[in-house]
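What follows is a short report on a single structure.
Below, read A as the first sequence line, B as the second, and so on, with proteins coming before strands; counting in each chain starts at 1.
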Amino acid sequence: MSPATSGADGMGDRRFQFGADLPIGSIPAGANVLVEGTSVDGTGDLLDRMLTSGRAPGEAAVLVSTDGSTASAGRRFEGAQNVGVVCCGAGPDDGTGEGLAASSVASPGDLTGIGIQFSKVTDAVSVGGGSVRVGVDSVSTLLVYVEDPRSVFRFLHAFTGRVAAMGALGLFAIDPAAHDDRTLAMVRGPFDGRVRVRTGDRGPELRVSGLAGQPDGWERFRLED
Amino acid sequence: MQASILCVDGDADRRADTVDTLSAAIPGETHVTEAGGVERARTAVASQPTDCAVTEYDLPDGTGMEVARAIREHCPDAACVLYTATPHDEVDTTEAEEVVVEFVPRGAERSGTELGTLVESLVRMRTHTAYPVPADESGRVAAVEAYRPVADAAAAALDRLTDVAAEHFGTSLTFVTLMLEHQQVMLEKVGEGPPVLPREDTVCTYALMEDGVTVIEDLAADPLFAANDALADAGLRSYAGTKLVSPDGHVVGTFCVMDDEPRSFSDSERSVLAALGEEAMDQLELRRRLAARTGVER
């Protein structure tokens, strides 16, 4: 785990599991993972499943959705328990998904507001101080809305640091093709590992790097219907 | 761990409770400065280094977001925490969308514990910087501090090297730096440039993270630097820099050329710049060894 995000003591050997449907080994509490790929390759779908699949009882999930409405977030997580969402750009009349703890900020450019609303939603869905999975979909949108990428980096640095200190799991999506190499290198800095996503000859594939105990090489996975 | 904390609250009793919480949570030498409002907080951060500010949202002369903006202006690397009973939805971020703060609700059963744990981790991990930090940053900073005392002794040699570089490259600004924990300091330069810059405003802080010579042919067209007002205000459009690497492998500074026009740098020019950087590092190392042997920083 990188010095930037190595978390607080006392997390023990707690790990996050993903179930049999995803070819991803368990990931230690406090880790932050960058999920790299295009939406066409199923990156957003994979992120949603990593947020909710294989959760232990009482484990919560919070998504910062930079693109969608709270209603669409509700559809994404229909039937899931202990899930919250912070929607960026959702209006007050946008409505909330059924059973979803939802909050919103006016724009993906309101990085300060995202952090504050994340605190609110996390408090709402956490069960007895249990574990939390945190998703941000996507970093690419933040880089589009915020003029100075240094602000996005400060946000990522602070957010991943908070994830580490909480002993949570951070999952951040990005489309690497949308950014130059130097910006991408800067974004990757605070992350402990990467999950790259592509469409191979036989369908969607993923490859985990930077994290111990993971499958070696590209692995197929199935997109949700 | 040494930490300088600013605690801002208009209610003196509540502020005292927060100070007690912070002092108990952070091991080592903790210096806490108290302020009763925005203006006093602004004065404090403008006059002294601050690692973290913990502020109430509702203040007698403004809000905690104004404190956060003052932090970003004067101590941009510092962490900022809103510790308040004000509901999340009543915090107005309109004028502070990019300052980035942590939020801890005051008044809940475990609020004090949560605040203490959070501030301790923020100070330890420095997670509010707007730039990437090398993996062994504390070791790197310690290495830099070994060369600072001999910078004057090396000045004449570094001056000759920057003169040679300026003549060779014909650039508007040539300089050699040490990269401190929060600031870049120019040891010698040819041309007009600020002697001290916040680290987040420099190109060199990114060069620290890259292999070989870093070149940005047009800063105004580069996605990472196009919005950097410090560079634009200085009229700087292109950059080439090489790292100063100490014998034990720490990157302590840079040797750079910048120009007021976009330009490219050939492989040959990059090699020359790398050689000048190595020579600058050798000169600093020589002075450090002499000082260590004689006890005189000459």
Heavy-atom cut-off 4.5 Å, strictly under: side chain, backbone, both or neither for A:Asp180 against chain B?
side chain
Given side chains that start at C-beta, do those of A:Arg162 and B:Thr127 come closer than 4.5 Å, heavy atoms only?
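With C-beta onward as the side chain, the pair stays apart.
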Are any of the side-chain heavy atoms of A:Gln117 and B:Asp89 separated by less than 4.5 Å?
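They are in contact (side-chain heavy atoms under 4.5 Å apart), so the answer is yes.
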Examine distances only and state if a side-chain atom of B:Thr93 and a backbone atom of A:Thr112 form a donor-acceptor pair shorter than 3.5 Å.
no
A:Arg154 (side chain) donor-acceptor with B:Val100 (main chain) under 3.5 angstrom:
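A pair under 3.5 Å: no.
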Enter the distance from [X]:[atom1] to [Y]:[atom2] here, rounded to the nearest 0.5 Å.
| X | Y | atom1 | atom2 | value |
| --- | --- | --- | --- | --- |
| A:Ile116 | B:Met65 | CD1 | CE | 5.0 Å |
| B:His128 | A:Phe159 | NE2 | CZ | 11.0 Å |
| A:Asp123 | B:Phe103 | CG | CZ | 9.0 Å |
| B:Ile216 | A:Arg182 | CD1 | CZ | 4.0 Å |

In terms of heavy-atom proximity below 4.5 Å to chain A, should [X] be classed as side chain, backbone, both, or neither?
| X | answer |
| --- | --- |
| B:Val91 | side chain |
| B:Glu114 | side chain |
| B:Leu82 | side chain |

